[in-house]
Amino acid sequence: MRVTLALIAPITLALAACGGETSGTIEGEDGETGEYTIDRDTGETTATITTEDGTATLRSGSNVPVDLPGGFTIYPEAEVVSNTVVKQGNGSGTLVTLSPHVSPATLAAFYKAQAEKAGVTIQMEMSTNGAQIIGGESDDGLTFSIMASPDDEGGSTGQLTLGTKGD
């Protein structure tokens, strides 16, 4: 799953470079291949990516349902700006971009508490220019990170990333 998650960024960039196309194929540097479709009405992107580790599926957009691992919830009254879900075998990864009307420190503390309750050992905490970044992993392979940055309206923008290992 870690290999597939590493492919998300380059494939997402490749999809963004496709301009007005609504479907097609892409090939990564290491021979990975993918097919994608973009729904013009909703903006949702779906993709299938094949690597030597198997096939992964990606679904991304503002209306993609959020299904977080046990113990995690969306911050109360936060707007989900975008949700990206990747699945490969029994593993999965989720990247939720949200916009709550609270400070980055408040948002980061909310998710740190949820992560610790879920058994995540916090391995990194950083604060810079008003942004908060926290990350860690549980003994059973749940990976967690939150990056919360101040927005222009006195609130924050957060990117919550959660991943579970597959077989």
Side-chain angles (χ1 to χ4, degrees), residues 1-102 104 107-108 110-111 114 131-135 137 141-153 155-167:
M1 187 62 192
R2 291 178 193 269
V3 173
T4 302
L5 289 175
L7 294 174
I8 292 174
I11 288 176
T12 302
L13 290 174
L15 292 176
C18 292
E21 295 179 31
T22 58
S23 65
T25 60
I26 51 178
E27 185 172 335
E29 292 178 13
D30 295 330
E32 306 91 358
T33 59
E35 296 181 10
Y36 69 91
T37 303
I38 301 170
D39 183 315
R40 283 190 189 263
D41 293 331
T42 65
E44 182 177 317
T45 299
T46 57
T48 302
I49 305 154
T50 304
T51 72
E52 63 184 33
D53 295 325
T55 299
T57 60
L58 174 142
R59 187 172 173 205
S60 183
S62 60
N63 294 317
V64 172
V66 176
D67 183 19
L68 302 177
F72 288 91
T73 61
I74 295 297
Y75 190 90
E77 299 181 26
E79 173 191 358
V80 173
V81 177
S82 179
N83 183 31
T84 300
V85 178
V86 177
K87 294 183 179 185
Q88 179 181 14
N90 292 329
S92 65
T94 301
L95 170 62
V96 180
T97 302
L98 50 120
S99 179
H101 298 287
V102 296
L107 183 63
F110 176 81
Y111 282 110
Q114 288 189 350
Q132 303 278 317
I133 303 169
I134 301 173
E137 187 171 354
L142 171 67
T143 57
F144 153 80
S145 70
I146 180 70
M147 184 174 91
S149 303
D151 67 15
D152 294 335
E153 299 170 7
S156 60
T157 298
Q159 289 189 324
L160 173 65
T161 306
L162 299 163
T164 59
K165 290 183 180 178
D167 296 336

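Contacts of Tyr111 classified as ring-ring contact (aromatic ring centres under 6.0 Å, His included), with partners at least two apart in sequence or in another chain: none. Contacts of Thr97 classified as side-chain contact (heavy atoms from CB on, under 4.5 Å), with partners at least two apart in sequence or in another chain: Val81, Ser82, Thr157, Gln159.
Of all the heavy atoms in Lys165 and Gly141, the pair that sits closest is CG-O, 3.8 Å. Scanning all heavy atoms of the two residues, the minimum distance from Leu107 to Ser156 falls at CD2-OG, 3.8 Å. Nearest heavy atoms, Ser99 versus Asp151: OG-OD2, 4.3 Å. Nearest approach of Asp39 to Thr42, heavy atoms of both residues: OD1-N, 3.1 Å. Nearest heavy-atom pair across Pro104 and Pro150 is CG-N, 3.4 Å.
The structure places CZ of Phe144 at 6.5 Å from CG of Leu160, a figure rounded to the nearest 0.5 Å. Taking OG1 of Thr161 as the reference point, atom CE of Met147 lies at 8.5 Å (rounded to 0.5 Å). With rounding to the nearest 0.5 angstrom, the OG1 atom of Thr45 is 4.5 Å from the CD1 atom of Ile38. Rounding to the nearest 0.5 angstrom, the gap separating the OG1 atom in Thr55 from the CD1 atom in Ile49 is 9.5 Å. A distance of 9.5 Å separates OG1 in Thr50 from CD in Gln88, rounded to the nearest 0.5 Å.
Formation of a donor-acceptor pair under 3.5 Å by the Thr37 side chain with backbone atoms of Thr46 is not found in this model.
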Extract all donor-acceptor atom pairs below 3.5 Å that involve side chains of residues 58-72 and protein atoms in other chains or at least two apart in sequence.
from	atom 1	to	atom 2	distance (Å)
Arg59	NE	Glu44	OE2	2.6
Ser60	OG	Thr84	OG1	2.7

